[in-house]
Amino acid sequence: MLRTHYSRDITPDDDGKKVVMAGWVHETRDLGGITFLILRDREGLVQVTLSKKKTDEKLFNLIRSISRESVVLVSGLVKREGKAPNNYEIIPSYVQVLNKAASPLPLDVTGKVGADLDTRLDSRFMDIRRQSIKAIFVIRHHVLKTIRTFLDGSGFKEINTPKIVATATEGGTALFPITYFEREAFLSQSPQLYKQIMMSAGLDRVYEIGPIFRAEEHDTTKHLNEVSSVDIEASFVTHKDVMSILEFLIEKVYSNVIKSCKNELEILGLQLSTPKLPFKRLSYEKAIDIGDIEWGDDLDTATEKAIGEKMGSHYFIVDWPTETKPYYTEPYADNPEICKAFDLMHPRMELASGSQRIHSHDLLRRRIKAQGLNPDGFEFYLRAFKCGMPPHAGWGLGLERLLMTMLNLNNIREVILFPRDRHRLAP
RNA sequence: GCCCGGGUAGUGUAGUGGCCUAUCAUGAGGCCCUGUCGAGGCUUCGACUCGGGUUCAAAUCCCGACUCGGGCGCCA
């Protein structure tokens with residue numbers, strides 16, 4: 001291990017302590033007789049101070065000449081100093097350049113000059129060196145950690161299902177075809193079928209956090225062709241039960257981010273508050289009244305926006321027309337025109353959708369046919385329904401959308417390291 | 001895919017026919033400076049996306065390509 005301390009580990013009370021720090025040269029300020037090197041590591045900045053009189057000439061000249069963003073190791077003593085940022089600085093005895101950075105740099109890391117998103121994404125490694133961008137991904141980590149902890153605590157087992165599949169799972173969206181040896185295959189659009197099969201397998205409660213792929217040529221700030229989906233499926237429960245799991249999860253994610261990411265939220269200039277439970281339930285029928293659309297149509301952007309403004313915070317849209325939802329969604333027995341499906345909405349956009357699933361093999365087969373799909377392609381799935389499939393329900397939540405709405409970012413590309421969209425396949 | 005708006009040094013910008021051998025900031029090079037914290041001062045370097053056209057004259061106007069952004073659609 002090269003370093004002994006991160007910048008955050010040191011306080012003025014460490015005065016006199018010998019430390020080894022490692023990171024990037026954020027800036028150097030050469031005042032002639034005194035030179036400051038601002039060293040940046042993952043946790044923040046630390047000032048390394050050299051006085052011309054008191055420093056070995058070789059070391060002094062080395063530090064003055066070192067290029068920005070070079071990677072260095074600094075060994076020295078902590079000194080309590082009121083004039084320094086955070087009231088301490090490092091007086092170096094030894095500095096090693098581990099790797100020199102070329103110049104000019106593709107981006108400014110210090111925040112003095114802006115850059116377009118496109119430019120930033122081309123040099124994402126450099127973009128993420130900026131503290132506000134890094135903060136987003138630290139928060140993303142805490143969100144994922146909270147989701148896992150919460151679902152574990154609610155009796156869920158984490159699973160992994162194939163991303164290379166033979167057939168579409170639910171129709172609707174376009175799939176990316178790939179070559180699988182001598183056969184055609186596709187990238188998975190959803191773990192839906194597999195997580196349902198796990199209900200028949202008796203795993204009772206499962207979740208998966210993984211990539212899903214959509215081959216749609218959309219070109220918007222809230223769509224990507226590869227996104228992370230948080231999917232759950234649970235047996236012996238109703239759609240109402242999984243809705244309440246979902247809203248508790250959202251609440252937990254917000255409250256944990258508020259608790260664990262104070263510094264990151266401050267960097268982003270955000271004052272988060274935890275959404276109030278329970279979220280409002282709005283029927284599809286009432287929802288279309290707010291907009292201007294026909295029964296049976298999906299909500300367009302304008303309607304989504306209008307309803308969002310009226311609701312003001314997270315809400316569910318429930319009881320959708322059966323024809324608008326996938327074949328595995330269970331219709332109400334007393335009114336099969338509508339089904340036990342729900343969407344979780346943030347005022348800005350949809351975050352999740354889920355439902356009570358059909359668990360009767362015969363009904364499921366009929367629904368597949370009714371939606372114009374061929375049940376032969378679903379045999380591996382339908383078999384699980386023949387030999388003891390319990391009633392079950394579940395949902396899928398878009399991780400990036402959760403993040404972008406929580407952090408009030410206007411482009412979904414901001415919350416994913418390397419976005420895949422219609423035009424971008426690298427880096 | 002449709003509609004609208006862009007593309008000027010490494011980065012972010014100003015400039016909408018001649019005043020452009022193109023503005024400013026940041027950066028990079030050189031010099032000065034012992035408490036900077038967006039350090040400061042002096043100085044140098046570095047750019048009009050590409051192809052065609054109009055015109056005495058094009059960064060500027062027109063056409064096409066490529067590309068970026070916004071809105072919508074597709075999609076969840």
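The basis for the numbers below is simple: all heavy atoms, side chains too, and nothing from hydrogens, waters or symmetry mates. Residue numbers begin at 1 in each chain, while the letters A, B, ... track the order of the sequences.
In summary, of the residues considered (A:Y284, A:F316, A:W395, A:Y315), a ring-ring contact (aromatic ring centres under 6.0 Å, His included) with A:F342 occurs for A:F316 alone.
Every residue two or more places apart in sequence or in another chain was checked for a ring pair (Phe, Tyr, Trp, His ring centres under 6.0 Å) with A:Y207, and none qualifies. Under the ring pair (Phe, Tyr, Trp, His ring centres under 6.0 Å) criterion, A:F380 pairs with A:Y194, sequence neighbours left out. Applying the side-chain contact (heavy atoms from CB on, under 4.5 Å) test to A:L417 and every residue at least two apart in sequence or in another chain returns A:I128, A:F137. With sequence neighbours left out, the side-chain contact (heavy atoms from CB on, under 4.5 Å) criterion links A:T28 to A:V25, A:L37, A:I66. Residues meeting the ring pair (Phe, Tyr, Trp, His ring centres under 6.0 Å) test with A:F385, sequence neighbours left out: A:Y381. Legend: residues meeting ring pair (Phe, Tyr, Trp, His ring centres under 6.0 Å) with A:H218, ordered by chain and number and at least two apart, are A:H223.
When distances run from any side-chain atom of A:F36 to the nucleotides B:C68, B:U36, B:G38, the shortest one goes to B:U36.
Here A:T220 lies in heavy-atom contact (under 4.0 Å) with a base. Residue contacts shown for A:K305 are limited to sugar-phosphate atoms, with no base heavy atom under 4.0 Å away. Contacts of A:A352 with the nucleic acid, taken as non-hydrogen atoms under 4.0 Å apart, are absent. The residue A:E27 sits close only to the backbone: its heavy atoms come under 4.0 Å of sugar-phosphate atoms, none of a base. Using a 4.0 Å heavy-atom distance criterion, A:E400 is classed as making no nucleic acid contact. Residue A:N411 is in sugar-phosphate contact alone, with no base atom involved, counting any heavy-atom pair closer than 4.0 Å across all strands shown. Residue contacts shown for A:K53 include a base, since a base heavy atom lies under 4.0 Å away.
RNA chain B lies under 4.0 Å from at least one heavy atom of each of the following residues of residues 54-74 of chain A: A:R68. Of the residues in residues 9-21 of chain A, not one comes within less than 4.0 Å of RNA chain B through any heavy atom. Residues of residues 297-304 of chain A that place a heavy atom closer than 4.0 Å to RNA chain B, in numerical order, are A:D298, A:D300, A:T301, A:E304.
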With sugar-phosphate taken as primed atoms, P, OP1 and OP2 and all else as base, the protein-contact string of nucleotides 6-15 of chain B at under 4.0 Å (heavy atoms; B, S, -) is ----SBS---
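The shortest non-hydrogen separation linking A:L265 to A:V257 is CD1-O, 3.8 Å.
Side-chain atoms of A:E89 and base atoms of B:G35 include a donor and an acceptor less than 3.5 Å apart. Put simply, the side chain of A:H223 and the base of B:C74 share a donor and an acceptor less than 3.5 Å apart.
Comparing A:I38 and A:G396 by the nucleotide of RNA chain B whose heavy atom lies nearest to each, the residue mapping closer to the 5' end is A:I38.
Residues in residues 84-98 of chain A take part in these side chain to side chain donor-acceptor pair (under 3.5 Å) pairs, two or more places apart or across chains: A:Q47-A:E89, A:T49-A:E89, A:Y94-A:Q96. Among pairs with a residue in residues 417-427 of chain A, those fulfilling side chain to side chain donor-acceptor pair (under 3.5 Å) read A:D118-A:R424, A:D122-A:R424, A:R413-A:D421, at least two apart in sequence or across chains.
Between A:L77 and A:V19, every side-chain heavy-atom pair lies at or beyond the 4.5 Å cut-off.
Relative to the ring axis of A:F60, A:R64 does not place its NZ or CZ within 45° and under 6.0 Å from the centre.
Nucleotide B:U60 is matched to nothing when pairs are restricted to Watson-Crick or G-U wobble geometry with both distances under 3.5 angstrom. The partner of B:C33, taking Watson-Crick or G-U wobble pairs whose two distances both stay under 3.5 Å, does not exist in any strand shown.
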Step-by-step side chain to side chain contact (heavy atoms under 4.5 Å, CB included) determination, A:E226 to A:I416: CA-CA 10 Å; A:E226 177 178 359; A:I416 186 163; 5.8 Å; no
Please determine whether side chain to side chain contact (heavy atoms under 4.5 Å, CB included) holds for the pair A:H239 and A:V318, giving the CA-CA distance in whole Å, both sets of side-chain angles, and the decisive distance to 0.1 Å. CA-CA 10 Å; A:H239 57 115; A:V318 301; over 6 Å; no
